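One structure is given here, and the rest of the page talks about it.
Just so you know, ligand 1 is whichever comes first in the structure, and atom 1 is the first atom listed for that ligand. For clarity, every value in this text was computed on a predicted model and none was experimentally measured.
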Amino acid sequence: MSTRRHTALPKAQILIEALPWLTRHHGKTVVVKFGGNAMVDEELKAAFAQDVVFLRHAGLKPVVVHGGGPQISAHLDRLGLVSEFKAGLRVTTDEAMDVVRMVLAGQVQRELVGLLNRHGPLAVGMTGEDAHTLTATKRYAHIDGEQVDIGRVGEITEVDAGAVQALLDDGRIPVISSIARSADDGHVYNINADTAAAALAAALGAETLMVLTDVEGLYEDWPNSDDVISRLTASELEKLLPDLASGMVPKMEGCLYAVRNGVNTARVIDGRVQHSILLEIFTDEGIGTMVVPDGAAPQKEERA
Ligand SMILES: Nc1ncnc2c1ncn2[C@@H]1O[C@H](COP(=O)(O)OP(=O)(O)O)[C@@H](O)[C@H]1O
Ligand SMILES: CC(=O)N[C@@H](CCC(=O)OP(=O)(O)O)C(=O)O
């Protein structure tokens with residue numbers, strides 16, 4: 001008797017390709033930073049939400065930390081306020097801080113929570129202010145050896161991941177806006193979302209930090225070529241840091257901090273590609289740039 005060829009066989013094979021990864025990551029925490037262009041496209045946003053819910057149902061514990069730089073800039077623009085960045089960080093006046101807080105917590109976070117909750121009562125939104133999750137002190141930018149005042153931008157001094165962990169233990173998907181409180185509760189600080197995601201990933205003892213952005217990954221010789229570095233160790237990244245520009249600086253500093261503080265892999269992936277999270281983890285090839293601690297196992301074993 002001839003065996004019937006099932007048309008769904010390729011689908012089964014794709015799922016099976018993910019089995020070693022799923023086995024290894026079952027019950028593990030994955031912090032996903034969502035930002036950049038991916039967040040201004042409706043289809044990409046919906047696909048992102050599907051991927052995160054998929055991870056949750058596949059037995060992982062995803063945590064979403066979101067940015068919203070383009071949305072904040074658009075709102076400031078509508079109010080006639082200019083956006084200025086120094087060393088990749090927004091110069092944040094007191095007036096701008098009100099806008100940052102309103103846009104991140106009241107608009108971007110609400111929208112992501114809504115998209116995730118189309119799939120069930122999973123997502124719960126909060127900011128770093130809630131339950132003392134993120135505490136910060138004033139941060140200065142350092143440009144050409146000079147300390148520059150950039151207003152209400154914060155440097156994280158303490159992370160209390162208790163509330164986030166409680167949500168994970170309850171089967172929820174925490175969605176966190178990158179705002180912190182000062183230790184004296186006097187005011188709030190604007191935190192770069194990559195920095196906030198890295199700090200939370202380390203505090204949660206996450207397996208992976210995944211940073212979605214608007215480029216393919218870390219380009220070896222940006223902006224002259226589009227060769228992406230697919231894998232590098234913490235020490236290799238540390239050597240590259242002084243040569244990096246603009247938004248890549250907090251992103252790669254965050255990846256370095258994460259892998260130096262207990263996170264097994266930090267990945268920068270192209271959020272402009274639909275289902276980039278699933279592509280990165282559920283196929284052998286992976287996409288984007290992966291940072292690993294010094295002395296980590298060879299690539300094949302990390303992907304598997
Ligand atoms: N070596 C590099 N590789 C890739 N992108 C780089 C590099 N150096 C600087 N960049 C810039 O960093 C940007 C990503 O940072 P950013 O705009 O802050 O992203 P996001 O909004 O996703 O946080 C890229 O769009 C690119 O313009
Ligand atoms: C201090 C600082 O720069 N904060 C960022 C916070 C949002 C963010 O990081 O958004 P993306 O990840 O989309 O860039 C800002 O005000 O734009």
Step-by-step side-chain hydrogen bond (donor to acceptor under 3.5 Å, both in side chains) determination, Ser177 to Arg101: CA-CA 9 Å; Ser177 311; Arg101 198 186 198 188; over 6 Å; no
Inter-residue atom distance Leu19.CG - Glu17.CD, 0.5 Å rounding: 11.0 Å
Carboxylate-amine/guanidinium proximity below 4.0 Å for Glu155 and Lys138: no
For the 3.5 Å polar cut-off, considering only N or O atoms, please tell me whether Ala193 and ligand 2 meet it. yes
What atoms of ligand 1 come closer than 4.0 angstrom to any heavy atom of Val215? 4 (C), 5 (N), 24 (C), 25 (O)
Ignoring hydrogens, just give me the one of Met252, Met248, Lys33 whose non-hydrogen atom is nearest atom 5 (N) of ligand 1. Met248
Is the shortest distance from a Lys or Arg side-chain nitrogen in Arg272 or Asp214 to a carboxylate oxygen in the other one below 4.0 Å? no
For the residue pair Thr133 / Asp160, report whether a side-chain donor-acceptor contact shorter than 3.5 Å exists. no
Under 4.0 Å to a heavy atom of Gly217 - the qualifying atoms of ligand 1, by number: 3 (N), 4 (C)
Is the shortest distance from a heavy atom of Ala245 to ligand 1 less than 4.0 Å? yes
Counting only nitrogen or oxygen atoms and a 3.5 angstrom limit, does Gly68 reach ligand 2? yes
Here the atoms of ligand 1 under 4.0 Å from any heavy atom belonging to Thr213 are 14 (C), 19 (O), 20 (P), 22 (O)
Nearest non-hydrogen contact to atom 14 (C) of ligand 1 from the set Asp226, Asp227, Asp214, Leu240 belongs to Asp214
Heavy-atom gap Lys33 to ligand 2 smaller than 4.0 Å: yes
Shortest reach to atom 6 (C) of ligand 2 by a heavy atom, considering only Val65, Leu212, Asn190, Ile150: Asn190
For the 3.5 Å polar cut-off, considering only N or O atoms, please tell me whether Arg90 and ligand 2 meet it. yes
Should the proximity of Asp194 to ligand 2, defined as any heavy atom under 4.0 Å, be assigned to the side chain, the backbone, both, or neither? neither
Test your reading of the structure: does Gly69 have an N or O sitting under 3.5 Å from an N or O of ligand 2? yes
Assess, by modelled atom type and distance only, whether the side chains of Thr289 and Arg231 contain a donor and an acceptor separated by less than 3.5 Å. no
Atoms of ligand 1, numbered as shown, that sit under 4.0 Å from any heavy atom of Leu218: 1 (N), 2 (C), 3 (N)
Just wondering, are more than 12 heavy atoms of other shown residues or ligands nearer than 6.0 Å to CD in Glu146? no
Consider only side-chain N and O atoms of His142 and Tyr140, and report whether a donor and an acceptor are under 3.5 Å apart. no
Among the clusters formed by ILVMFWY side chains lying less than 4.5 Å apart, do Val53 and Phe34 turn up in the same one? yes
So is Ile191 close enough to ligand 2, meaning a heavy atom under 4.0 angstrom away? yes
For ligand 2, which atoms have a heavy atom of Gly67 less than 4.0 angstrom away? 8 (C), 10 (O), 11 (P), 12 (O), 13 (O)
What part of Lys251 sits under 4.0 Å from ligand 1 if we count only heavy atoms: the side chain, the backbone, both or neither? side chain
Inspect the surroundings of CD in Glu236 and state if more than 12 heavy atoms from other residues, nucleotides or ligands are less than 6.0 Å away. yes
Would one find more than 12 heavy atoms of other residues, nucleotides or ligands at under 6.0 Å from atom NE2 of His26? no
